[in-house]
Amino acid sequence: MPESNLDLIASVILVLVKIGVFFAVFMLILAYITLVERRFLGFFQERYGPNRVGWQGLLQPIADGIKMFMKEEITVSGANKAVYILAPIVFVAAALMTFVVIPFGDVIWPATMEIGGRVYNFTLANANRGVIADVNVAVLVIFAISSIAIYGLIMAGWGSNNKYSLLGGVRASAVMISYELAAALAIIGIIMTTGSMSLMDIVIHQKGYWFGVIPKWFCFKQPLAFVLFLIAIFAETGRTPFDFTECENEIVAGYQTEYSSMKFALFYLAEYGHILAASALMVTFFFGGWQGPFVDAPVLKYFLPIIYFCIKTSIVVFFFIWVRATYPRFRYDLLMKLGWKFLLPATLVNILITPVLMKIFGDL
Amino acid sequence: MTDVTKLKSAFPDVVVNVEEYRGDVTVILKQEAFLPVCTFLRDDPDYSFRFLADVTAVDYKDKTPRFVVVYHLLSHEHNQRLRLKVPLDDMNPEIETVVNIWPTANWHERETYDLMGVKFLNHPDLRRILLPYHWDCHPLRKDYPLEGKGEE
Amino acid sequence: MAQPEIKLGEERRGGDTETMEINMGPQHPSTHGVFRAVVELDGETVVKVVPHLGYLHRGIEKIAENRTYHQIIPLTDRLDYMAGASNNLGYCLAVEKLLGIEAPPRAQFIRVIITELSRISSHLFWAGATAHDLGAMTPFFYMVREREQILFFLEMITGARLTPSFFRIGGVAMDLPPEFHDECMKFIKAFPPRVDEYEALLTENVIWKSRTKGVGYLSAEDCIALGISGPMARAAGINWDLRKNQPYSSYDKFDFKAAIYNGCDAYDRYRVRMMEMRQSNEIVRQALEGLPEGDYSVTMKGALKPPAGEVYKAIEAPRGELGFYIISDGTVQPFRMKIRAPTFVNLQSLAKMSEGRLFSDMVASLASVDLVLAEVDR
């Protein structure tokens with residue numbers, strides 16, 4: 001066997017391990033975000049939230065999971081069965097796939113390592129970097145995947161043979177399609193400045209400080225894009241104040257009205273998956289990703305970026321919950337109006353002024 | 001207290017009687033021509049009873065007339081109330097609707113029809129409102145039993 | 001602000017579309033009880049609303065014909081269970097009018113205290129539930145926190161939280177407990193800042209305004225024609241509050257303002273109720289401070305047999321004009337009792353408010369009616 005092939009095998013093994021660990025940790029975090037949200041909502045609303053199962057309710061997600069497994073699996077009569085079953089799978093798969101391209105750390109493994117007397121090279125396929133696949137068109141990948149997620153909702157609305165679900169599905173498709181456009185266009189300013197669509201490059205570009213204190217994050221460099229992207233991402237994840245795809249007071253539960261048991265659990269999980277993905281994107285694009293003090297220090301560099309990334313993402317997730325506790329729900333047509341008449345022109349303005357400013361001031 | 005002398009002089013044939021009890025004035029009208037009286041009461045600036053508070057009917061079982069339809073009027077302008085009573089002498093009670101004068105009468109009359117069995121002629125949508133559509137009795141009539149299923 | 005001109009179905013896009021009919025209720029999150037509306041939708045635009053009532057019909061008027069006057073009191077607070085004391089008050093005043101008696105001043109003040117506390121609790125729950133209908137979760141919990149305290153007071157006085165049945169014909173059942181005064185004063189002092197807190201969450205909130213302003217529009221003329229009373233009418237600029245215009249139970253001794261706004265929409269109905277909570281709080285304070293000494297009930301001997309006659313007595317319940325029409329034939333039971341339920345009448349406006357608007361607006365309109373189905377169906 002040629003020498004270089006051994007390196008490749010070592011790298012692939014490392015990648016697989018990375019995916020496995022990432023997936024396990026990710027599912028655990030997803031389950032616990034539900035707990036975090038409920039506890040925080042309880043905190044905001046002067047009540048306890050779940051605190052009975054385990055210490056401070058720590059076993060609640062597990063209890064919920066068991067409960068979901070035990071529930072009866074109901075398929076509505078008249079449902080389009082294939083579409084009905086496929087919908088939650090599509091939705092949850094899309095939520096998970098986004099994370100493939102999001103960098104969660106810098107270097108997580110030494111480039112070379114001596115094992116059994118041979119020095120193995122782990123840099124192939126970016127195996128030692130904190131990203132599962134450093135695609136050079138990562139931004140496009142993300143928006144492609146999030147379009148697939150919409151199909152999950154439309155299929156659920158269409159397949160359930162329920163008018164409320166149908167309304168939910170239609171609302172979801174209309175809102176998400178218009179807001180995806182705004183979200184994608186808001187990012188273009190960043191791509192222009194960075195000159196790359198790779199998320200790793202975008203994170204690396206945000207290194208350094210102005211005057212030694214203010215980090216060179218895109219939320220300061222591209223404030224307009226930041227606000228627009230924030231609004232768009234709220235609409236896209238279907239969270240308060242834009243949660244009409246499933247708002248219980250109008251259309252009962254929207255697209256998931258007819259789902260029960262694990263199919264419902266998948267929707268539930270995927271919803272939080274999308275929130276997590278949106279928060280991670282937010283951090284990557286605008287809060288410097290895994291950047292932070294001492295990320296280049298000798299040993300710290302392997303895990304400090306991951307910690308920074310997790311902390312920043314948690315703060316954004318908290319922001320999502322905070323908004324949910326504070327705001328009423330917007331109206332569907334008003335949101336469409338906001339999307340097409342304000343967000344879209346504003347993103348175009350941002351695209352216009354970014355190169356002008358770059359020409360005048362250069363890249364700060 | 002509402003002064004009804006003008007009403008009496010305007011419709012001497014329709015106003016049968018005027019009663020007063022504990023400050024409530026009741027005008028008893030003939031069924032045949034009571035609609036113009038209602039329009040008059042609503043539009044005349046001395047009365048302007050533009051607000052119809054309530055429509056109901058009373059079943060006097062053994063007396064004649066058996067059914068009496070009761071309207072409660074309110075005038076915001078003059079801060080006065082007035083009660084109109086229209087006795088129906090038929091065993092199959094029917095009366096003209098007042099929906100065209102006071103739109104709010106719509107549901108009141110449906111309810112009266114539903115529970116008391118008084119038919120309102122020319123009502124736009126005279127269906128049962130509280131009871132199921134297939135019910136075939138009128139429970140607020142005095143001969144409706146208090147126990148049992150009623151239909152028997 | 002006028003209703004926008006609507007073009008529907010065929011007129012808008014040629015003849016190849018059809019409308020969709022959905023069944024909203026009797027189990028639907030925002031119908032607040034067992035109310036059912038068959039809604040015809042063109043896309044998300046409401047074309048036609050057909051309400052169906054009666055799921056909670058218990059025949060209270062029929063039962064009342066077979067009970068003595070005292071026995072009817074517990075039936076009345078099953079009408080509007082969010083403010084049970086108001087119904088008790090309306091009924092007792094009607095029978096007192098029939099008898100030609102009046103409760104002693106202390107009893108009247110106690111009645112005012114209890115009814116106004118109920119009004120606050122009813123409005124609190126309305127505001128919370130409406131905010132929740134429009135997607136804001138948190139105000140509900142804040143409002144229920146204060147409502148809980150009011151229910152605690154009601155329990156302290158009457159022994160029951162929702163259905164007090166505390167008023168008697170000619171007075172009240174008992175005197176106020178001695179510790180009530182101080183506890184209630186504490187609450188009254190703390191309450192206005194709490195209302196500020198709710199208003200901070202909602203009143204100037206852009207989303208809240210965009211959801212409620214111009215929604216559920218009903219002009220003053222429409223309100224009068226449709227027989228609408230209470231906060232809904234006052235939000236259309238109709239200066240009509242029975243506590244002011246036809247004072248009962250010594251409301252003329254208190255200094256308060258009727259809450260009047262001119263928006264004719266759901267937003268101003270919300271503001272009217274917020275204002276009314278502050279005013280009611282003020283009335284309770286004045287009643288507590290000026291509570292007269294003396295009897296809390298008139299003494300009546302023997303069975304209660306009002307003279308033959310008929311009366312109609314209306315009071316300003318939290319939802320509008322609550323009227324009792326009682327016919328006595330001189331026996332111990334009323335010959336006929338008709339209840340003029342405010343929400344039954346107000347609900348009639350639902351079709352007018354929501355046809356031609358979006359489905360989401362229909363939810364807001366329905367919420368602004370302040371629906372209590374037990375009262376609608378009786």
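Chain A is the first sequence line, chain B the second, and so forth, proteins listed ahead of strands; every chain is numbered from 1. Please read these numbers as outputs of a predicted model, since none were measured by experiment. Scope of the values below: all heavy atoms of this structure, side chains included, with no hydrogens, waters or symmetry mates.
Annotation for Tyr142(C) and Phe44(A): closest pair OH-O, 2.8 Å, computed over non-hydrogen atoms. Heavy-atom minimum distance, Arg331(A) versus Ser210(C): NH1-O, 4.1 Å.
Between the side chain of Arg211(C) and the backbone N or O of Arg329(A), at least one donor-acceptor pair lies under 3.5 Å.
Taking a 6.0 Å sphere around NZ of Lys189(C), one finds it holds 12 or fewer heavy atoms contributed by other residues, nucleotides or ligands. In the displayed structure, Phe318(A) atom CZ is contacted under 6.0 Å by more than 12 heavy atoms of other residues, nucleotides or ligands. Atom OH of Tyr151(A) sits in a sparse spot, with 12 or fewer heavy atoms from other residues, nucleotides or ligands closer than 6.0 Å. Atom CZ of Phe40(A) is surrounded by 12 or fewer heavy atoms from other residues, nucleotides or ligands within 6.0 Å.
Looking at Asp133(C), both its backbone and its side chain come within 4.5 Å of chain A, counting heavy atoms on both sides. The parts of Met137(C) that come within reach of chain A are both its backbone and its side chain, each placing non-hydrogen atoms under 4.5 angstrom from that chain. When heavy atoms are compared at a cutoff of 4.5 Å, Met362(C) does not approach chain A at all. Of the atoms belonging to Val215(C), it is side-chain heavy atoms, and not backbone ones, that fall under 4.5 Å from chain A. Contact of Ile207(C) with chain A is made through backbone and side chain together, with heavy-atom distances under 4.5 Å. Only the side chain of Arg47(A) comes within less than 4.5 Å of a heavy atom of chain C; its backbone N, CA, C and O stay farther away.
Residues of residues 269-277 of chain A lying under 4.5 angstrom from chain C, judged on non-hydrogen atoms, do not exist here. Among the residues in residues 163-172 of chain A, those with a non-hydrogen atom closer than 4.5 angstrom to a non-hydrogen atom of chain C are Lys163(A), Tyr164(A), Leu166(A), Leu167(A), Arg171(A).
Rounding to the nearest 0.5 Å gives a distance of 10.0 Å between CG of Leu201(C) and OH of Tyr327(A). Atom CG in Asp361(C) sits 7.0 Å away from atom CG in Asp333(A) (nearest 0.5 Å).
Across Gln45(A), Arg324(A), Glu46(A), a single residue satisfies side-chain hydrogen bond (donor to acceptor under 3.5 Å, both in side chains) together with Thr138(C), and that is Gln45(A).
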